[in-house]
Amino acid sequence: CKASLDVERTSHGSTDTQVHGLSETVVGVLGGGQLGRMLCEAASQMAIKVIVLDPMENCPASAICHYHMVGSYDYSATVEEFAKRCGVLTVEIEHVDAATLEKLEQQGVDCQPKASTIRIIQDKYLQKVHFSRHSIPLPEFMQINDLESAKKAGDLFGYPLMIKSKRLAYDGRGNAVAKSIEELSSAVNALGGYGRGLYVEKWAPFVKELSVIVARGRDNSILCYPVVETIHRENICLIVKSPANISWKILKLATDVACKAVSSLEGAGVFAVELFLTADGQVLLNEVAPRPHNSGHHTIEACFTSQFEQHLRAVVGLPLGDPSMKTPAAIMYNILGEDEGEPGFLLSNQLIGRALSIPGASVHWYDKPEMRKQRKMGHITIVGPSMGIVESRLQFMLREEIVDGQPA
Ligand code: ATP
Ligand code: MG
Ligand code: MG
């Protein structure tokens, strides 16, 4: 593989072709955040080379990837330069330059998942249009361009009304809720105005949020991880429970919707399908991520094949691994940044200190250069012989930090 030789020369000044891991393909990842870092951790076990493109010199993946190119994954020339070094190009974030990926694909660069998938997913409105065309159940939605169309949406869908920006959304930072017609303008302004590109969704009166990680190999084989429950606070994922406590019927429905959604997209890799479960037993799609996802972090300790290993297997063309759980129950807890400065570190340190003494708990720290409020700084996964036991271990771990959602 020419790309793999190039990297050998650039990083080690050698052209050794004898020593290979489970795959000769050099995996190039656009983005070097915590997902990129955990991809590198999984790659290390299989001696697969992962190189990363990220603008931040000390991004989480930088310390452990094979090679880090410092540069923007949203800048065409940089992505093209990076692609020359890769056998396969993949992403840990969907907010990358899709037009460049399309151009590279035409030139023969192997992008997994496909550029078309990134293009659809990175625009949440386009994503909704795509899935509704494929008859995937989802909350009603409508584009808004001005106050008049926003009011029309409010009349049609009622309140509260979920307003979302089409692009560059993550961790709820592109969502605003208007509880009444009077709040429409302030919610729109909070998102940067109509010019940013907005659409609205009918409020989904969910009783639970679910997620399914779906893996697709290069041979189009598909495997699903067990359905999990995700618990969000202020639009950010805080807790993931695996398996979700749902009936067999809902489990099957959620898995079917997730598989159908992923089948409508192109390319290999893991995909996370976020779902709403309503009181009357409907499963509606919220959104899809074309990459490893926060709702799959527990798979590192809880499943035979982690989502990160699975993604690598998928994109380089190895057989997919067993996604089933090897432990009866798991809970993942996100360590979210407090305000900058000591209190955040203090709380995290106390939390981590206790986690280290809990049976079945594993601490992951992403080594981000700065703490910021609500930023994902790390996570803790607790596994155990039953959900009841894992829940009580979580309660023990959180006992001083969180009382009804507020620091004690
Ligand atoms: P992520 O970090 O998962 O990418 P995001 O910024 O893309 O998040 P969404 O997934 O669209 O945001 O929404 C975040 C959360 O807001 C959801 O998990 C859910 O709790 C809530 N939410 C989103 N859409 C709706 C809706 N139509 N009705 C009710 N709640 C919603
Ligand atoms: Mg999202
Ligand atoms: Mg989401």
Side-chain angles (χ1 to χ4, degrees), residues 74 91 93-96 98 117-134 136-206 208-211 230-238 257-258 261 264-265 271-278 282-291 293-295 336 373-376:
D74 205 20
V91 296
I93 179 168
E94 52 275 20
H95 307 304
V96 299
T117 296
I118 307 295
R119 181 178 281 289
I120 292 165
I121 300 287
Q122 68 181 197
D123 181 327
K124 285 167 107 171
Y125 176 72
L126 199 62
Q127 194 186 138
K128 292 274 142 87
V129 171
H130 170 89
F131 288 129
S132 73
R133 279 192 191 138
H134 284 84
I136 313 280
L138 69 169
E140 287 176 74
F141 64 99
M142 180 180 149
Q143 182 168 249
I144 54 169
N145 309 307
D146 48 27
L147 187 58
E148 199 187 324
S149 51
K151 281 182 179 164
K152 196 172 158 207
D155 289 346
L156 275 173
F157 301 153
Y159 293 89
L161 189 63
M162 178 59 93
I163 308 179
K164 295 191 179 183
S165 32
K166 294 180 177 178
R167 303 176 73 89
L168 298 174
Y170 72 101
D171 288 346
R173 281 169 225 196
N175 292 0
V177 180
K179 294 201 198 82
S180 62
I181 190 166
E182 290 76 31
E183 286 186 15
L184 276 177
S185 292
S186 57
V188 164
N189 288 341
L191 295 177
Y194 295 100
R196 185 162 166 198
L198 304 177
Y199 76 103
V200 298
E201 283 179 18
K202 187 170 179 176
W203 190 257
F206 59 81
K208 272 185 182 160
E209 287 190 77
L210 306 173
S211 175
T230 58
I231 299 167
H232 291 71
R233 188 170 296 157
E234 291 171 22
N235 286 288
I236 302 184
C237 176
L238 184 66
V257 171
S264 73
L265 300 166
F271 301 76
V273 184
E274 298 180 11
L275 303 163
F276 298 127
L277 170 64
T278 62
Q282 283 185 73
V283 169
L284 306 176
L285 181 138
N286 174 23
E287 61 167 345
V288 173
R291 52 168 169 80
H293 188 256
N294 199 173
S295 64
L336 299 175
K373 196 167 165 53
Q374 298 296 75
R375 191 179 209 191
K376 290 171 180 164

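These numbers were taken from a predicted model, which means no experiment stands behind them. Index from 1, following the sequence.
- Residues Tyr159 and Leu184 meet the side-chain proximity criterion, which asks for heavy atoms closer than 4.5 Å.
- With sequence neighbours excluded, no residue forms a ring-ring contact (aromatic ring centres under 6.0 Å, His included) with His232.
- In this structure, CG in Leu161 is found 11.0 Å from CD in Glu183, a value given to the nearest 0.5 Å.
- Residues in residues 167-177 take part in these side-chain hydrogen bond (donor to acceptor under 3.5 Å, both in side chains) pairs, two or more places apart or across chains: Gln122-Arg167, Tyr170-Arg173, Asp171-Lys376.
- Side-chain contact between Ser132 and Phe141: present, with at least one pair of heavy atoms (C-beta onward) separated by less than 4.5 Å.
- Counting only heavy atoms from C-beta outward, the side chains of Leu138 and Lys128 approach each other to under 4.5 Å.
- Between Pro137 and Gln282 there is no side-chain heavy-atom pair separated by less than 4.5 Å.
- The shortest non-hydrogen separation linking Pro160 to Val177 is CB-CG1, 3.7 Å.
- The CD1 atom of Ile231 lies 9.5 Å from the CD atom of Glu209; values are rounded to the nearest 0.5 Å.
- The minimum heavy-atom distance between Glu94 and Ile121, with the atom names listed, is CG-CG2, 4.1 Å.
- Sorted by first and then second residue, the salt bridge (Lys or Arg N to Asp or Glu O under 4.0 Å) pairs with a member in residues 143-161 form an empty list; sequence neighbours excluded.
- Using a 4.5 Å heavy-atom cutoff, the side chains of Leu284 and Leu275 are not in contact.
- Side-chain N or O atoms of His130 include one that pairs as donor or acceptor with a backbone N or O of Ser264 at under 3.5 Å.
- Heavy atoms only, all atoms of each residue included: Ile118 and Pro290 are closest at CD1-CG, 4.1 Å.
- In this structure, the side chain to side chain contact (heavy atoms under 4.5 Å, CB included) partners of Ser185, at least two apart in sequence or on a different chain, are Leu147.
- Under the side chain to side chain contact (heavy atoms under 4.5 Å, CB included) criterion, Ile136 pairs with Phe131, His134, Val257, Lys260, Ala261, Leu285, sequence neighbours left out.
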**From CA spacing to verdict: side chain to side chain contact (heavy atoms under 4.5 Å, CB included), Leu156, Met142** = CA-CA 10 Å; Leu156 275 173; Met142 180 180 149; 3.9 Å; yes

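- The CD atom of Glu274 lies 8.0 Å from the SG atom of Cys237; values are rounded to the nearest 0.5 Å.
- Under the salt bridge (Lys or Arg N to Asp or Glu O under 4.0 Å) criterion, Lys164 pairs with Glu201, not counting sequence neighbours.
- Not counting sequence neighbours, the partners of Asp74 by the side chain to side chain contact (heavy atoms under 4.5 Å, CB included) test are Ser72, Asp97.
- Under the rule for a salt bridge (Lys or Arg N to Asp or Glu O under 4.0 Å), Arg375 has no partner lying at least two apart in sequence or in another chain.
- A 4.5 Å side-chain heavy-atom check between Ile236 and Leu336 finds at least one atom pair inside the cut-off.
- Put simply, the side chain of Tyr194 does not reach to within 4.5 Å of the side chain of Asn145, judged on heavy atoms.
- With sequence neighbours excluded, no residue forms a side chain to side chain donor-acceptor pair (under 3.5 Å) with Ser186.
- Side-chain atoms of Gln127 come within 3.5 Å of backbone N or O of Val288 as a donor-acceptor pair.
- A 4.5 Å side-chain heavy-atom check between Trp203 and Pro139 finds every atom pair outside the cut-off.
- Applying the ring-ring contact (aromatic ring centres under 6.0 Å, His included) rule to Tyr199 yields the partners Tyr125; only residues at least two apart in sequence or on another chain are considered.
- The side chain to side chain contact (heavy atoms under 4.5 Å, CB included) test applied to Ala187 returns Ile163, Ala176, Ala178, not counting sequence neighbours.
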**Request:** Test side chain to side chain contact (heavy atoms under 4.5 Å, CB included) on Ser149 and Gln143 and set out the steps.
**Result:** CA-CA 8 Å; Ser149 51; Gln143 182 168 249; over 6 Å; no

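- Applying the ring-ring contact (aromatic ring centres under 6.0 Å, His included) test to His95 and every residue at least two apart in sequence or in another chain returns nothing.
- When every heavy atom of Ser165 is checked against every heavy atom of Leu191, the shortest pair comes out as N-CD1, 4.2 Å.
- Summarising the geometry of Ser211 relative to Thr230, their closest heavy-atom pair is CB-CG2, 4.0 Å, with the distance given to 0.1 Å.
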